[in-house]
Amino acid sequence: MPDFKIIVFLCNWGPHAAYQQLQDQGARIPNEIRMIRIPCSGRITKALLLRSFEMGADGVVLLGCQPGSCRYGSGTRNARDNTSETRRILELMGIGGDRLQLGNFLPDQPQALLDDLQAFARRIRQMGRSPVATSRAVGVVETGTMTPEAIVAAHDVFACQDCGKCTSACSLALAGKPYSPREIANRIIAGQADDLSVRQAVNACLTCGVCYERCPSAVNFPEFIRSMRAYYQQHQLAEAPTHGGFFQSMMRAMTAETLSPRRWQDLPAKIRTRPDGSVLFFGGCAPYFDIFFNKFLGVATARILEDSLRLLNFFDVEPIVLESEICCGHDLLWTGDRENFLRLARRNARAFAESGASELITACPECYRTLAHDYPANGVTLPLTVTHIHDFLEREIDKAAVGFKPLGATVTFQDACRQSRFDGRADLPRKLLARMTGTKCIEMPESGTGAVCCGNSAWTGCDAYSKALQVKRLTSARQTGSEMILTACPKCQIHLRCAMEDAMRAEDLQMETLDLVSAIARTIYWEGS
């Protein structure tokens with residue numbers, strides 16, 4: 001019989017008192033139960049719930065107080081929301097939402113608690129082992145190790161001229177943070193790589209690429225930072241990502257070979273896809289973002305994917321979509337977890353090959369960068385051409401016969417770092433904007449390759465200075481007189497909308513946000529139709 005593992009997070013108050021009575025009575029508590037006593041069920045975040053599955057749990061139970069009896073007021077409500085949203089993500093990932101359960105009990109309900117635990121244990125036995133648990137630590141990936149000295153040499157950091165142009169252009173420094181790429185490089189050269197302050201500075205870097213774009217010695221500081229994060233990861237010195245590391249945990253879980261996500265079940269009926277063909281559409285993590293952030297940001301980045309598919313259909317392309325699509329691994333690579341990044345990359349390469357497609361189209365600049373450049377650079381060759389949706393649209397619109405209705409708003413544009421600087425294609429979205437006749441675009445002072453970052457990348461280093469960056473960017477957008485800010489990256493939308501939640505300045509920062517793809521889908525039409 002398989003060795004099932006069920007993690008039970010047990011609130012210190014009502015449920016724990018009931019559980020103690022069961023122990024005192026010698027009740028038949030299921031052997032699979034691993035109990036963790038906690039101060040309040042509301043303290044168990046979505047990240048901790050998902051992390052349990054990543055670590056090998058077959059089922060998770062969160063036990064809190066009955067509604068109205070929480071000693072901290074909001075604990076029961078927070079537990080309910082976190083459990084509900086995590087269940088949706090587990091279902092989307094293919095782990096199964098039924099493997100996570102919430103229970104609420106008073107101290108005088110030991111029998112009800114026992115019945116609940118026994119029923120849950122029976123259900124987990126019937127479901128079998130978690131697909132993540134059965135695939136953990138399978139297949140060692142050799143990634144090699146490098147010392148800080150070797151990393152400095154590999155990226156030619158000695159070429160730094162101490163001119164300070166990187167610091168004067170750094171988005172974090174401009175937001176007021178005492179931050180200097182040059183100082184970080186000098187301290188690592190001086191042998192201080194393992195110092196806590198250096199590790200924190202490496203983690204805080206936005207890897208937006210402005211410093212590299214300005215460096216007269218062409219020192220690729222973002223790549224240097226990425227290598228240093230990999231060094232920290234290998235030596236268990238890595239700083240914790242934001243949001244409790246939820247998205248990195250999700251991606252690591254996706255390396256499980258037996259995991260089969262249920263990715264495209266909610267597509268609108270009018271969108272046409274096909275099981276085979278020459279074009280494959282890769283969506284990325286937007287649906288997971290929408291579930292995770294919707295409660296307090298109201299994001300709808302999955303709309304970008306739907307609008308991308310509508311535009312493909314508009315130009316008579318019916319793409320393949322992989323029901324078991326997994327993440328590209330961008331955030332793992334940029335937080336230093338190259339081993340699990342390679343696991344994801346190799347799973348994706350096999351899936352793409354099995355699809356039979358010759359071209360992959362994606363709407364996410366991070367996915368494009370990762371699939372088109374980082375996979376080959378890390379030894380993973382894809383059997384197809386990778387195309388960003390902007391290139392596809394420019395190619396098709398250039399054939400003429402299409403027109404655009406006015407969008408109905410003056411717009412400004414927020415550049416995506418991975419597109420404008422890393423890929424050198426700041427011109428591409430502007431070509432599309434220029435084609436949108438009837439829509440006026442007013443550029444912010446810092447735009448194109450010099451655009452200010454949205455304040456975060458790969459879910460690392462988010463702090464008050466990141467928020468200051470977002471506020472600065474929104475203020476700049478408002479000062480153009482525009483009514484809408486167009487973006488080209490789902491994370492830009494999320495981070496800018498996060499700043500709009502500021503209780504003190506909300507009215508000063510509110511702007512409608514829309515992805516450029518969605519703006520095109522909303523306005524394009526066949527001329528003469």
task: Any chance you could lay out the side chain to side chain contact (heavy atoms under 4.5 Å, CB included) test for Glu306 and Ile271, step after step, and finish with the verdict?
output: CA-CA 8 Å; Glu306 293 179 8; Ile271 290 179; 4.1 Å; yes
Step-by-step side-chain hydrogen bond (donor to acceptor under 3.5 Å, both in side chains) determination, Glu54 to Ser249: CA-CA 7 Å; Glu54 184 205 335; Ser249 185; 2.5 Å; yes
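Cation-pi geometry between Arg418 and Trp334 is satisfied (NZ or CZ under 6.0 Å from the ring centre, within 45° of the ring normal).
In this structure, Asn31 places its CG atom where only 12 or fewer heavy-atom neighbours from other residues, nucleotides or ligands lie under 6.0 Å away. Around CZ of Arg478, the count of heavy atoms belonging to other residues, nucleotides or ligands within 6.0 Å exceeds 12. Counting heavy atoms of neighbouring residues, nucleotides and ligands inside a 6.0 Å radius, atom CZ of Arg303 does not exceed 12 of them.
A salt bridge links Arg129 with Asp58: the closest approach of a Lys/Arg side-chain nitrogen to an acidic carboxylate oxygen falls below 4.0 angstrom. With salt bridges taken as basic N to acidic carboxylate O contacts below 4.0 Å, none links Lys467 and Asp502. Ionic pairing of Glu339 and Arg343 is present here: one or more N-O contacts between side-chain nitrogen and carboxylate oxygen are shorter than 4.0 angstrom. Under 4.0 Å is where a charged nitrogen must lie from a carboxylate oxygen, and between Arg87 and Asp98 at least one such pair does.
Taking the six-membered ring where the residue is Trp, the centroids of His243 and Phe293 are separated by under 6.0 Å. A distance of 6.0 Å or more separates the ring centres of Tyr465 and Tyr179.
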Just distance, no hydrogens or angles: give the donor-acceptor pairs under 3.5 Å from side chains in residues 503-514, sequence neighbours left out.
residue: Gln510; atom: NE2; partner: Met500; partner atom: O; Å: 2.9

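A side chain to side chain donor-acceptor pair (under 3.5 Å) check over residues 13-22, counting only residues at least two apart or in different chains, returns the pairs Trp13-Tyr72.
Residues Arg347 and Leu259 meet the side-chain proximity criterion, which asks for heavy atoms closer than 4.5 Å.
Taking the six-membered ring where tryptophan is involved, the planes of Phe246 and Phe292 are tilted, since the angle between them lies from 30° to 60°.
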